[in-house]
Chemist: 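The structure under discussion is supplied below as structure tokens; questions concerning it will follow.
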Number of protein chains: 2
Amino acid sequence: MTERVVPPDARRRRRPTKQGVVLSEELIVETALRLIEEHGAEALSVRRLGRALGADPSSLYRYFRRTDDLMLAVADELIGRTLRAWRPTGDWRADLRDLGLSMHAGALAHPRAATLSAYRVTGRVHEIQAVETILGVLRDGGFPDAEAVRIYHTFVDQTLAFGALDSASVALPDQAREAEAEVWRTTYGRLPATTHPHVAATAPHLLESMRHSSYPAALDLLLEAAEARLAAVRGRTGG
Amino acid sequence: MTERVVPPDARRRRRPTKQGVVLSEELIVETALRLIEEHGAEALSVRRLGRALGADPSSLYRYFRRTDDLMLAVADELIGRTLRAWRPTGDWRADLRDLGLSMHAGALAHPRAATLSAYRVTGRVHEIQAVETILGVLRDGGFPDAEAVRIYHTFVDQTLAFGALDSASVALPDQAREAEAEVWRTTYGRLPATTHPHVAATAPHLLESMRHSSYPAALDLLLEAAEARLAAVRGRTGG
DNA sequence: CTTAACAGGTCAACGGTGTTGTCATAAGGT
DNA sequence: ACCTTATGACAACACCGTTGACCTGTTAAG
């Protein structure tokens, strides 16, 4: 039986498509990202990707067994790009804040990939590099191993979770997204104080707050609490 | 022009389908939830839902203009179910912790449905009730309006985001979930200290931590930081 | 009661989607 | 120069959401 997908190293024959394009895992991932960036997340389908590449859709299955695997590869490439653009300063709190915001922004830019990759472990090179980097920031910042791992875990999961959540909103059809804004304005903005006193009292704040992602706030709360714990640990060990 | 969707109150003629079922908004939502719980979120499509109901798929468009509207109705029903099981005590921190953990547990109990509802604003009764309730807990706890809204927003989003994230893991096919565990054990558990010193140094903690959800930790960090801010506010106003 | 209006169920079709079995051919090792 | 076979192409399958046209039972008015 011929294996459908051959690992990249084992690929020898580089047969061009009818339109003269030489396919590769890299080219496919790059083109997928370009498609997403140019025409939105919903523009990415196997068939469109094939068309954009100048290849039959079914050819892609020689490189990725399922669409899922393609998305994981896209996700890992995203992690890589985010990491490459990041410039650590040596201040753990500032560095983590910067990295978190970058990852979140990256997720929003590629909603479908973010949604898929949030709950998957790719085990690919860039992901591994990210784990090593973040753990390094925390341990170099003075966190003991157990605490460093705990903060790492919540930091990463929170970033991925918010990334996926906010991505999902972004990926909504325009019509639905406008409907949501309308709901906040008309429904929540007009609840009477008699039946819903708390919403009525805070309505202006509420409408303003709901226009943005709460990820930055969540990130700051996390970093604040982490710093408090670091101070506690240092106090105990007499640092 | 005949309106495609008639509001529930205006419905008079209850004509049964060919297979003898009398449709209604309620029946459709209930059946959708049943389908999701039994066969997963991806099993919910207009056509399958029609089949499960014993009706032509196009009939559903007499009740919901788009699939989206149906999803919102499903989401609100879920919020209602979760909220009904919660018992507040009057201590804001304990109550929020309890509510957060309940919502998270509820999400895990209905993984496929949770994934659907996490990122939508329904503007329906149960959701409104939830907003009012949580804001009440915070304001009664002493938070000024702006701060209450900020904490509310991060609390809700964090809970929904982690609920969706952890649900997605739970909903993975067994094969895929085992593969992920394998990646942690073999790939991350065996990285050499020469190339990945931080991962190698913390590997035991890492493998242990990754077995559980980080939501409780994230929630505690959030509540801790919130309490610190409340104390700061009270100090300023001389409470 | 009869009857006419029309809400609401049905049918068929459109243009999309992911995926797979089969075939053909050019690349590359021998 | 030949043979193997990797890899691209094709066609088909089973889905999907949505819509316009049609049909029919229910119901309210006369």
Side-chain angles (χ1 to χ4, degrees), chain A residues 1-28 31-32 35 39-72 74 112 116 171-176, chain B residues 1-28 31-32 35 39-72 116:
Chain A
M1 187 182 117
T2 306
E3 267 306 321
R4 191 146 202 131
V5 174
V6 172
D9 325 351
R11 283 187 187 276
R12 298 246 122 71
R13 310 187 179 180
R14 317 268 29 170
R15 178 181 180 180
T17 70
K18 249 187 170 178
Q19 301 190 31
V21 182
V22 177
L23 295 179
S24 70
E25 199 171 311
E26 276 184 15
L27 178 63
I28 295 174
T31 308
L35 262 189
H39 307 296
E42 75 285 355
L44 186 57
S45 72
V46 178
R47 299 174 110 100
R48 278 205 233 222
L49 183 51
R51 222 178 299 142
L53 278 162
D56 189 271
S58 65
S59 300
L60 306 187
Y61 288 85
R62 300 278 181 210
Y63 295 83
F64 301 96
R65 224 185 349 229
R66 286 161 300 143
T67 317
D68 252 39
D69 297 336
L70 168 59
M71 297 316 280
L72 287 185
V74 168
R112 279 191 67 181
L116 250 175
L172 280 180
D174 291 351
Q175 213 177 5
Chain B
M1 188 181 114
T2 304
E3 267 305 321
R4 193 147 202 128
V5 174
V6 172
D9 325 350
R11 282 187 188 276
R12 297 245 122 73
R13 312 189 180 179
R14 318 269 25 174
R15 177 181 179 180
T17 72
K18 247 187 172 175
Q19 301 189 32
V21 183
V22 176
L23 295 179
S24 70
E25 199 171 309
E26 276 184 14
L27 178 63
I28 295 174
T31 307
L35 263 188
H39 304 105
E42 75 284 356
L44 186 58
S45 72
V46 177
R47 298 173 110 99
R48 279 205 231 220
L49 184 51
R51 220 179 300 141
L53 279 163
D56 189 272
S58 64
S59 301
L60 306 187
Y61 288 85
R62 301 277 182 210
Y63 294 83
F64 301 95
R65 206 154 38 175
R66 289 162 293 143
T67 315
D68 224 64
D69 297 337
L70 168 59
M71 296 305 191
L72 292 186
L116 271 179

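Note that this is a predicted model, so its numbers are computed, not measured. Order of the sequence lines fixes the chain letters, A, B, ..., with proteins taken first and strands second; residue numbering starts at 1 for each chain. Below, all heavy atoms of this structure are taken into account, side chains as well, without hydrogens, waters or symmetry copies.
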Chemist: Under 4.0 Å between a side-chain N or O of B:Ser59 and OP1 or OP2 of C:dG8?
Modeler: no
Chemist: Round to the nearest Å and state the distance from A:Leu60 atom CG to C:dT17 atom P.
Modeler: 13 Å
Chemist: Please give, in whole Å, the distance from D:dG25 C1' to B:Leu23 CG?
Modeler: 14 Å
Chemist: Quiz question: going by heavy-atom distance under 3.5 Å, is there a donor-acceptor pair between the base of D:dG8 and the side chain of A:Arg62?
Modeler: yes
Chemist: Please give, in whole Å, the distance from D:dA11 P to A:Tyr61 OH?
Modeler: 18 Å
Chemist: Between A:Asp69 (CG) and C:dT19 (C1'), how many Å, whole number?
Modeler: 13 Å
Chemist: How long is the span from the NE2 atom in A:His39 to the CG atom in A:Leu44, to the nearest 0.5 Å?
Modeler: 11.0 Å
Chemist: From D:dT18, C:dT10, C:dT19, pick the nucleotide closest to the side chain of A:Arg66?
Modeler: C:dT19
Chemist: When you measure only distances, ignoring hydrogens and angles, does the side chain of A:Arg47 come within 3.5 Å of the base of C:dG16 through a donor and an acceptor?
Modeler: no
Chemist: Can you tell me the distance, in whole Å, between the CG atom of B:Leu27 and the P atom of C:dG8?
Modeler: 15 Å
Chemist: How long is the span from the CZ atom in A:Arg62 to the CG atom in A:Asp56, to the nearest 0.5 Å?
Modeler: 10.5 Å
Chemist: Mind calculating the distance between NZ (A:Lys18) and P (C:dA24) to the nearest angstrom?
Modeler: 13 Å
Chemist: Between C:dT17 and A:Ser45, is there an OP1 or OP2 to side-chain N/O distance shorter than 4.0 Å?
Modeler: yes
Chemist: Between atom CG in B:Leu44 and atom P in D:dC16, what is the gap in whole Å?
Modeler: 10 Å
Chemist: Between atom CG of B:Leu49 and atom CG of B:Leu70, what is the distance when rounded to the nearest 0.5 Å?
Modeler: 6.0 Å
Chemist: Could you pick out which residue, A:Arg51 or A:Asp56, lies toward the 5' side of DNA chain C when each is mapped onto its nearest nucleotide?
Modeler: A:Arg51
Chemist: Enter the distance from A:Leu23:CG to A:Leu60:CG here, rounded to the nearest 0.5 Å.
Modeler: 7.0 Å
Chemist: Calculate the interatomic distance between A:Arg48 atom CZ and C:dG16 atom P; express it in whole Å.
Modeler: 8 Å
Chemist: Identify which nucleotide among D:dG17, D:dG8, C:dG18 has an atom closest to any side-chain atom of A:Tyr63, counting heavy atoms from C-beta outward.
Modeler: D:dG8
Chemist: Can a donor-acceptor pair under 3.5 Å be found between the side-chain atoms of B:Arg15 and the base atoms of C:dG8?
Modeler: yes
Chemist: The side chain of B:Thr17 lies closest to which of these nucleotides: C:dG9, D:dG8, D:dT26?
Modeler: C:dG9
Chemist: Tell me which nucleotide among D:dT18, D:dT24, D:dC10 gets nearest to the side chain of A:Ser58.
Modeler: D:dC10
Chemist: Is any side-chain heavy atom of B:Tyr61 closer than 4.5 Å to a side-chain heavy atom of B:Asp69?
Modeler: no
Chemist: How do B:Ala43 and B:Pro16 order along DNA chain D: which one's closest nucleotide is nearer the 5' end?
Modeler: B:Ala43
